[in-house]
Amino acid sequence: MDGGNQSVVSEFILWGLAHSQSIETLLFVIFLMLYIFIVSGNIVILVLITTDAHLHSPMYFLLANLSFIDMWLSSNTTPKMITDFLRENKTISFAGCMSQVFFSHCIAAGEMVLLVVMAYDRYVAICKPLHYFTIMNLKRCTGLVLTSWIIGFIHGISYIAVIVQLPFCGPRDIDSFFCDMPLVIKLACIDSHDLNKLMNADCGVVAVTCFILLLMSYTYILITVRQSSKAGASKALSTCTAHITVVMIFFVPCIFIYVWPLNITWLDKFFAVFYSVFTPLLNPAIYTLRNKEMKNAMKRFINNFSVLK
């Protein structure tokens, strides 16, 4: 198309999750409660790990960072989705749309790398226990966490650098509750088929690489656990099971949205809701309900709070 005949798109229209006012009101209540649980649950984990000396270890340092990332992952899209349930015109500015695209991929890629770091932490703890605190010292843990954020930033900025240069001249309707990369690219006034494939391939490099590393790590860990004593194996298996559960509920939706898209609208929306809402909600539940040390820390915190009161 001739660039001179294109109009500048200043905002996009989000179709949301439903078209019935009564259903949207119900969804508003449900997702508002879920978002409150997400924020409060992850804040509780951050407070417990920060204030309880018993949890000042590499594993819980990484878990605190996971909770921090989860809060941002959900906060990037969920508040906008919740407020849109009460609005007839669900619009988002061009800058807001680009911001959602950037932070979605920056935070998601950062979390993928962080999950690999957590798997490495469990590998060292189980397979090299005598050298654990030497290998996983504070300096190395901090460096690994910073690496996850740097990789996430590079991944997100590589997307936004391409998308902001695309010509948008209409239509501007996005059949989702947030600006997702494949849906935004489809609105460009160019043949986006090859570009969409390239972006999905870029996602695939990060997601599939991390997923394979995680599968290899936990397979090796589980083989090692089988050869350990029953007492140690039981505790290690419980921790690894929680980690593997988090990995599966985070990676499976991402793979089906970006790496191996099914192109079924309602299923894409379900997966998007799952990894942006339910994953950050389930993570604190999995780690607190299955973790004896976190339960004890919660009891100590409540007792200390009662004494101060």
Notebook entry, point to check: Between the main-chain N or O of M71 and the side-chain N or O of N42, is there a donor-acceptor pair closer than 3.5 Å?
Noted result: no

Note to self: Using modelled atom types and a 3.5 Å cut-off, is there a donor and acceptor pairing between side-chain atoms of N137 and backbone atoms of T134?
What the structure shows: yes

Check: Are F12 and F168 close enough that their ring centers fall under 6.0 Å?
Finding: yes

Check: If you take all heavy atoms of H105 and M181, which pair is closest and at what distance?
Finding: NE2-CB, 3.4 Å

Note to self: How close do G16 and K269 get, counting heavy atoms only, and between which atoms?
What the structure shows: O-NZ, 2.9 Å

Checklist line | Salt bridge E24-K90, side-chain N to carboxylate O under 4.0 Å | finding: yes

Check: Mind checking whether W72 and F68 have parallel, tilted or perpendicular rings, split at 30° and 60°?
Finding: perpendicular

Next item on the list: Show your reasoning for whether side chain to side chain donor-acceptor pair (under 3.5 Å) applies to S75 and Y35.
Entry: CA-CA 8 Å; S75 297; Y35 184 63; 2.7 Å; yes

Notebook entry, point to check: Are the side chains of F177 and D84 in touch, meaning some heavy atoms are under 4.5 Å apart?
Noted result: no

Item checked: side-chain contact (heavy atoms from CB on, under 4.5 Å) between V247 and F211, intermediate numbers included -> CA-CA 8 Å; V247 167; F211 193 59; 4.1 Å; yes

Note to self: So, taking the atom named OG in S74 and the one named CD1 in I38, what distance separates them when rounded to the nearest 0.5 Å?
What the structure shows: 3.5 Å

Next item on the list: Please lay out, stage by stage, how M112 and I151 fare under the test side-chain contact (heavy atoms from CB on, under 4.5 Å).
Entry: CA-CA 10 Å; M112 288 178 186; I151 292 174; over 6 Å; no

Item checked: Nearest atoms (heavy-atom pairs only) where K128 meets I135 -> CD-CD1, 4.3 Å

Margin query: Could you tell me if the side chain of C141 sits less than 4.5 Å from the side chain of P58, heavy atoms only?
Written below: yes

Next item on the list: Start with the C-alpha distance between Y120 and L115, add both sets of side-chain angles, then the distance that settles side-chain contact (heavy atoms from CB on, under 4.5 Å), and finish with yes or no.
Entry: CA-CA 9 Å; Y120 174 70; L115 289 171; over 6 Å; no

Checklist line | Centroid-centroid under 6.0 Å between H56 and Y60 rings | finding: no

Margin query: Do I157 and V101 land in one hydrophobic cluster if side-chain heavy atoms of ILVMFWY residues count as linked below 4.5 Å?
Written below: yes

Notebook entry, point to check: Quick one: does M136's side chain get under 4.5 Å of F61's, heavy atoms only?
Noted result: no

Item checked: Joint cluster assignment, W15 & I82, ILVMFWY side-chain distance < 4.5 Å -> no

Check: Is S99 reaching over with its side chain to a backbone N or O of A95, donor-acceptor style, under 3.5 angstrom?
Finding: no

Notebook entry, point to check: Between C203 and C254, is a disulfide bond (SG atoms under 2.5 Å apart) present by the stated rule, with each step listed?
Noted result: CA-CA 9 Å; C203 267; C254 288; over 6 Å; no

Notebook entry, point to check: Counting only N and O atoms by type, is there a donor-acceptor contact under 3.5 Å from the side chain of T83 to the main-chain atoms of K80?
Noted result: yes

Check: What distance separates M98 CE from F103 CZ, expressed to the nearest 0.5 Å?
Finding: 13.5 Å

Check: Taking the side chain from S148 and the backbone from V145, do they hold a donor-acceptor pair closer than 3.5 Å?
Finding: yes

Notebook entry, point to check: How many angstroms lie between CE in M294 and CE in M298, if you round to the nearest 0.5 Å?
Noted result: 7.0 Å

Check: What closest approach, in Å, do M81 and L17 show between heavy atoms, and which atom pair accounts for it?
Finding: SD-CD1, 3.8 Å

Notebook entry, point to check: Hey, are the side chains of D52 and E293 touching, using non-hydrogen atoms and a 4.5 Å cut-off?
Noted result: no

Check: If we only count heavy atoms from C-beta on, is the F278 to F270 side-chain gap below 4.5 Å?
Finding: no

Notebook entry, point to check: Which of parallel (below 30°), tilted (30 to 60°) and perpendicular (above 60°) describes Y220 and Y123?
Noted result: tilted

Next item on the list: Return the minimal non-hydrogen interatomic distance between D173 and L187, and the atom names on each side.
Entry: O-CD2, 3.5 Å

Check: Going through the checks in order, is the side-chain contact (heavy atoms from CB on, under 4.5 Å) test met by V116 and S217?
Finding: CA-CA 8 Å; V116 174; S217 299; 5.8 Å; no

Check: CG/L14 to CG/L183 distance, rounded to the nearest 0.5 angstrom?
Finding: 10.0 Å

Margin query: Can you confirm whether Y132 is buried at OH, in the sense that more than 12 heavy atoms of other residues, nucleotides or ligands lie under 6.0 Å from that atom?
Written below: yes

Next item on the list: Mind checking the CG-CG spacing from L63 to L55? Nearest 0.5 Å is all I need.
Entry: 9.0 Å

Check: Is L48 reachable from F37 through a run of I, L, V, M, F, W or Y residues, each pair having side-chain heavy atoms under 4.5 Å apart?
Finding: yes

Margin query: When you compare the side chain of L214 with that of F251, does any pair of heavy atoms fall below 4.5 Å?
Written below: yes

Checklist line | For the student: nearest non-hydrogen atoms of I92 and C179, plus distance | finding: CG2-SG, 3.9 Å

Check: When clusters are formed by joining ILVMFWY residues with side-chain heavy atoms under 4.5 Å apart, either directly or through shared neighbours, do L215 and V208 land in the same one?
Finding: yes

Check: Considering residues, nucleotides and ligands other than F94, do more than 12 of their heavy atoms fall under 6.0 Å from its CZ?
Finding: yes

Checklist line | pair V117-D121: side-chain heavy atoms closer than 4.5 Å | finding: no

Checklist line | Backbone of G96 reached by a side-chain donor or acceptor of Q100 within 3.5 Å | finding: no

Margin query: Between T279 (side chain only) and S276 (backbone N and O only), is there a donor and an acceptor less than 3.5 Å apart?
Written below: no

Item checked: Validation row: I69, N65 side chains within 4.5 angstrom (heavy atoms) -> no

Check: What's the spacing between F178 CZ and C97 SG if we round to 0.5 Å?
Finding: 10.0 Å

Check: For the hydrophobic clusters of this structure (ILVMFWY residues joined by side-chain heavy atoms under 4.5 Å, transitively), does one cluster hold both L66 and I150?
Finding: no

